[in-house]
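Remarks on the structure that follows.
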Amino acid sequence: MKKELYKIIISAILFVIALVIPFSNIWINRCIFIVSYLFVAFEVLKEALENITKGEVFDENFLMSVATIGAFAIGEFPEAVAVMLFYQIGELFQDYAVDKSRKSISSLMDIRPDYANVLRDGKEEKTNPADVKIGEEIVVKPGEKVPIDGIVVDGTSFIDTKALTGETVPKKVGKDDEILSGCINKDGVLKIKVTKKYDDSTVSKILELVENASSKKSKSEKFITKFAKYYTPIVVIIAVILAIIPPLIINGATFSEWIYRALSFLVVSCPCALVISIPLSFFGGIGGASKNGILIKGSNYLEALASLETIVFDKTGTLTEGVFDVQKISPVGLTEEELLEIATLAEWYSNHPIAKSIKKAYNKSAEEVKVKDVKEISGKGIIAKIEEVTDEENASIKDVGDNSKEKQVLVGNEKLMEQYNISYEKSKEIGTVLYIAIDGVFSGTILISDKIKDDSIKAIYLIKKNGVKQTIMLTGDKKEIAEHISKEIGIDKVHSELLPDGKTEKMEQLLKEKKQNKKIAYVGDGINDAPVLALADIGIAMGAFGADSAIEAADVVIMTDEPSKINTAIKISKKTMKIVRENIVFAIFVKILVLILSALGITTMWAAVFADVGVTIIATLNALRMLSKKV
Ligand code: ADP
Ligand code: MG
């Protein structure tokens, strides 16, 4: 960009010299004009020629080349230089704007770690994060980025999660806490056990997402590309007609006069203001959203957010905390302690929020070998085999391979009990009830309760205020709980006791019923509902801390756990669309006006130049407004 700037400065100085100093021979002035011209025009002429050989004749380089060479041909030297000079100033300005918004998005890219300090043979080794294996331990010192996802095994520290979540307050982490790559360690030294490969870590996922964002074009962008394709040849044809026909049929009309008009016409007609400022607005919108902890995977989704009519929410982990507290353990024929242990073992490998909560309540580490043949039945619960190892003696029996020492355990809801024909007693408690059966015998219940996120109520209120007509909640949980929660939050409609397939069916039905130009979003955490995320017009995943499948299936990822960010996303989308519309209307209005004036010969080529560059700069400045964090 520096090089471009120098060329423009030299060209401008020569231009002014040629313009203000009346040399004795006019050809001296003209030569200086030509040199000045070449400084700014060389690249454009070259590109125009190259594109012609490639068969892409009509582009803005072509328009500018024809307009300026034509101006020289009719003896309008200063105009020729001015057109090219100002065109280049406009281009430089655009490059600057694109660069700036790219940088703003790539401030997110700063999360890319350069190395990992891995502990091997008791020594610290600096390696490429991609070479670290699961289970190895890494050390992250103050000021360093966490390179790979893992669990803290030693040390406490404050970590900065700003790049991931937009949250400015540092978060405290200590032993056994999960830690995500992309955070920056602020003060303490942390020893982390790696739980994911670098390629599967949060940081890689996010980088991939951001890098691909600009490849998904919005309808407005596609329209402009298409528009420019037809528009330019049409303009050129009109200009040719304008240059030839009037002098032939109008008495006293001269070719030079009409060619001049045709050339001005070409100058104003350049569509660059639109071609650049519209993608730039979307780019800026995506950048501004990422500053708010909202990752949008493409301009098409940013555009769609503005016409959201219905938002469908998952309950657990989306509107509710998804962190359950165990409220009551009601065993049948065994102790509370035993029932909780058996349930915990069965849930050991599950990532479901319910499983996590049970494990938290149990709060002891279990021997993983005790569980096998785990099957998770989505929307119903878990079935697993647990080896009964209570003391040393029994352990030796196990070695002999006595299968009778294995128990089949079911943990889940009423549907699960019914599926396995367990005779059980329906619980009357309010809350999510887990039924447990051991070897086909009902053995008790565990009552857990989920909390509504503080943010959910505010979110639904704001979303409605922002023009979303309908909010719906889908859940696999019981009807009573679902209705209680939806009333509390202010959701319009609720469908409960759904299996994952049921959620997909409901979404298909909603999509069928909606109006064509209106959009439906689904907000979920990716646990059991990744297909629905993928199916909706816009899939919104809550929390980068949620399931990986969610980040992949979703179109928008909200890095924090706040549903109210959906509202922020809608606002950013609406603002982007408003700026896009402003730019289209403004650019087309000014251009048509100047086009008419120049065809009529009322304006000069100077005015045409200023109209073109002016519109470009104003539209670009307008687009740059999207980059701010504030909405
Ligand atoms: P939601 O639709 O609210 O996100 P899910 O579809 O994930 O809920 O689960 C629906 C119901 O299925 C839960 O309320 C619970 O009763 C049961 N369930 C699902 N997974 C498990 C599990 N791992 N352990 C016990 N119960 C489960
Ligand atoms: Mg769920």
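Both ligands and their constituent atoms are indexed starting at 1 by order of listing. What you see is a predicted model; the values in this text were computed from it and never measured. Along the sequence shown, the residues carry numbers beginning at 1.
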Check D314 against ligand 1 and report side chain, backbone, both or neither, counting heavy atoms closer than 4.0 Å.
side chain

Pair K515 + E309, salt bridge at N-O below 4.0 Å
yes

Got a second to check how far I463's CD1 is from I570's CD1, nearest 0.5 Å?
5.5 Å

Looking only at heavy atoms, is any part of K415 under 4.0 Å from ligand 1, and if so is it the side chain, the backbone, or both, or is it neither?
neither

List every atom of ligand 1 that sits less than 4.0 Å from any heavy atom of S350, numbering the atoms from 1 in the order shown and giving each element.
23 (N)

Hey, which atoms in ligand 1 end up nearer than 4.0 Å to a heavy atom of E376?
23 (N)

Does some non-hydrogen atom of A355 fall short of 4.0 Å from ligand 1?
no

With heavy atoms only and a cut-off of under 4.0 Å, state how I354 meets ligand 1: side chain, backbone, both or neither.
side chain

Return yes or no for this condition: an N or O of K315 is under 3.5 Å from an N or O of ligand 1.
no

Decide side-chain contact (heavy atoms from CB on, under 4.5 Å) for I485 and T320; before the verdict, give the C-alpha distance in whole Å, the side-chain angles of both, and the deciding distance to 0.1 Å.
CA-CA 9 Å; I485 287 184; T320 65; 3.9 Å; yes

Between S496, G381, G379, A343, flag the one that comes closest to atom 12 (O) of ligand 1 by a heavy atom.
G379

Under 4.0 Å between a side-chain nitrogen and a carboxylate oxygen: does that hold for E303 and K219?
no

I need the atoms of ligand 1 closer than 4.0 Å to a non-hydrogen atom of L434, numbered in the order shown.
25 (C), 26 (N)

May I ask you to list the atoms of ligand 1 that are less than 4.0 angstrom from any heavy atom of V411?
25 (C)

Decide, yes or no, whether a salt bridge links E347 with K356 under the criterion of side-chain N to carboxylate O below 4.0 Å.
no

If the threshold is 4.0 Å, N to carboxylate O, is there a salt bridge linking K565 and E562?
yes

Please state whether the rings of Y435 and Y424 are parallel, tilted or perpendicular, taking 30° and 60° as the class boundaries.
perpendicular

Using 4.0 Å as the upper bound for N to carboxylate O, is an ion pair formed by K315 and D477?
yes

Once you restrict to heavy atoms under 4.0 Å, what part of L416 touches ligand 1? Side chain, backbone, both or neither.
neither

Under 3.5 Å between any N/O of T432 and any N/O of ligand 1: does that happen in this structure?
no

